[in-house]
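Read the numbers this way: they start at 1 and go in the same order the structure lists the ligands and their atoms.
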Amino acid sequence: MGLGGIKRILVTGGAGFLGSHLCDRLIAAGHEVICVDNCYTGTKTNISGLLDSPMFEFIRHDVTFPLYVEVDEIYNLACPASPVHYQFDPVQTTKTSVHGAINMLGLAKRVKAKILQASTSEVYGDPTVHPQTEAYWGNVNPIGPRSCYDEGKRCAETLFFDYFRQLRLRIKVARIFNTYGPRMHPNDGRVVSNFIVQALRNQPITIFGDGSQTRSFCYVDDLIDGLWRLMNSPDEITGPVNLGNPREFTIRELAEKIISLTGSSSSLVFEPLPQDDPRQRQPDISLARKQLAWEPKIPLEQGLTRTIEYFSAALRNRP
Ligand SMILES: NC(=O)c1ccc[n+]([C@@H]2O[C@H](COP(=O)([O-])OP(=O)(O)OC[C@H]3O[C@@H](n4cnc5c(N)ncnc54)[C@H](O)[C@@H]3O)[C@@H](O)[C@H]2O)c1
């Protein structure tokens with residue numbers, strides 16, 4: 001720890017959607033940030049506001065290779081999060097989760113850093129209980145097209161808890177549910193960004209299935225606040241802890257809300273559901289409420305409005 005409580009903090013995947021917001025937040029709090037990213041799905045544009053800061057350093061590096069830096073805390077976010085990107089090179093996706101976790105845990109052990117893993121609600125697979133609590137073990141297909149992501153993240157959780165039990169590392173595991181906001185990729189196939197881009201272009205909005213499947217959507221600022229609270233919680237709080245918004249919407253409701261907020265003339269078109277697509281996914285956030293005094297605050301309309309503003313500007317610059 002540096003002077004005046006200033007910490008040196010490593011954020012892997014720091015040039016991505018969530019990582020760049022996290023870097024913003026840590027720099028704003030006065031900390032020194034080392035952002036590590038191989039720019040697979042992240043971009044320097046996401047962190048362009050930070051590159052001039054003397055407190056911020058960007059290193060282009062792939063977390064599947066070891067890294068040696070002196071830090072007090074590590075947020076391990078490196079991993080493509082959208083199916084289009086994580087299925088493009090599934091072997092690399094598993095390697096990023098598993099080798100990435102091994103390398104970052106090894107680093108945390110060497111420099112005695114506290115380490116947080118960005119895990120995912122995908123560890124619950126296609127859940128048979130609703131809403132999902134952290135005690136649910138999940139229903140995951142080990143050999144399907146989504147397995148590289150789901151099983152990679154499950155294995156990373158295993159590694160975190162083995163380092164905790166075996167080597168007494170200070171660990172934190174967050175199971176993140178669907179999060180949206182500015183800096184999502186315009187063509188990564190995730191539902192919020194897809195719908196907004198289609199609506200802004202007045203193109204038909206594609207709904208997979210009949211649109212009655214539900215999702216819950218957490219705005220990025222709320223999520224980052226949850227990660228920050230978890231990292232700064234007492235050492236005995238390790239997680240896994242669910243972070244997400246428990247308010248459920250059907251996919252059809254989401255599409256209709258976006259059409260109305262953008263004033264779009266888009267119609268709805270329906271296509272078959274992809275393999276292993278969960279019917280419903282909703283976090284039980286009782287544990288986060290109790291242990292972190294955290295819950296999402298930003299309503300869907302407000303978050304969507306900010307995200308639509310971001311995408312309108314992004315599409316104007318890159319139509
Ligand atoms: N956004 C969500 O809704 C959500 C939900 C659950 C979990 N998560 C997790 O949060 C983390 C961040 O997700 P995101 O939505 O910001 O996705 P993202 O794709 O925008 O960010 C991931 C970042 O990791 C980088 N990266 C990928 N492989 C790497 C490697 N081998 N070495 C170094 N960097 C690498 C990418 O370039 C990118 O900048 C991921 O671990 C993801 O699994 C996100």
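- Annotation: atom 35 (C) of ligand 1 to nearest protein heavy atom, Asn38 OD1, 3.0 Å.
- Heavy-atom proximity to Asn178, at under 4.0 Å, picks out these atoms of ligand 1: 3 (O).
- Side chain of Arg25 to backbone of Ile224: no donor-acceptor contact under 3.5 angstrom is found.
- A salt bridge is defined here as a Lys NZ or Arg NE, NH1 or NH2 lying under 4.0 Å from an Asp or Glu carboxylate O, and Glu122 with Arg154 fails to meet this definition.
- Scanning the protein heavy atoms around atom 11 (C) of ligand 1, the nearest turns out to be Leu77 O, 3.3 Å.
- With a heavy-atom cut-off of 4.0 Å, Ser82 does not touch ligand 1 at all.
- For atom 7 (C) of ligand 1, the closest non-hydrogen atom of the protein is Ser119 O, 3.4 Å.
- Ligand 1 places these atoms under 4.0 Å from at least one heavy atom of His61: 32 (N), 33 (C).
- Atom 3 (O) of ligand 1 has as its closest protein heavy atom Thr179 N, 2.8 Å.
- Among all non-hydrogen protein atoms, the one lying nearest atom 1 (N) of ligand 1 is Arg190 NH1, 2.8 Å.
- The 12-atom threshold is not exceeded at NZ of Lys109, counting heavy atoms of other residues, nucleotides or ligands nearer than 6.0 Å.
- Classification of the Tyr86-Tyr149 ring pair by plane angle, with boundaries at 30° and 60°, yields parallel.
- For ligand 1, the atoms lying closer than 4.0 Å to a non-hydrogen atom of Tyr40 are 37 (O).
- Looking from atom 19 (O) of ligand 1 to the surrounding protein, the closest heavy atom is Thr41 OG1, 2.6 Å.
- Ring pair Tyr136/Tyr124 is parallel by interplanar angle, where below 30° counts as parallel and above 60° as perpendicular.
- Remark: distances from the non-hydrogen atoms of His85 to ligand 1 are all 4.0 Å or more.
- A donor-acceptor distance shorter than 3.5 angstrom exists from the side chain of Asn242 to the backbone of Gln132, with no hydrogens or angles considered.
- Sparse packing is recorded around CG of Asp52, with 12 or fewer heavy atoms of other residues, nucleotides or ligands lying under 6.0 Å away.
- Listed for the Thr12 side chain is no donor-acceptor partner under 3.5 Å among the backbone atoms of Val36.
- Contact check on Arg252 versus Asp210 returns no salt bridge, with no Lys/Arg side-chain nitrogen under 4.0 Å from an Asp/Glu carboxylate oxygen.
- Ligand 1 lies out of reach of Glu122, whose nearest heavy atom is not under 4.0 Å from it.
- Those atoms of ligand 1 with a heavy atom of Ala78 less than 4.0 angstrom away are 24 (O), 33 (C), 34 (N), 35 (C).
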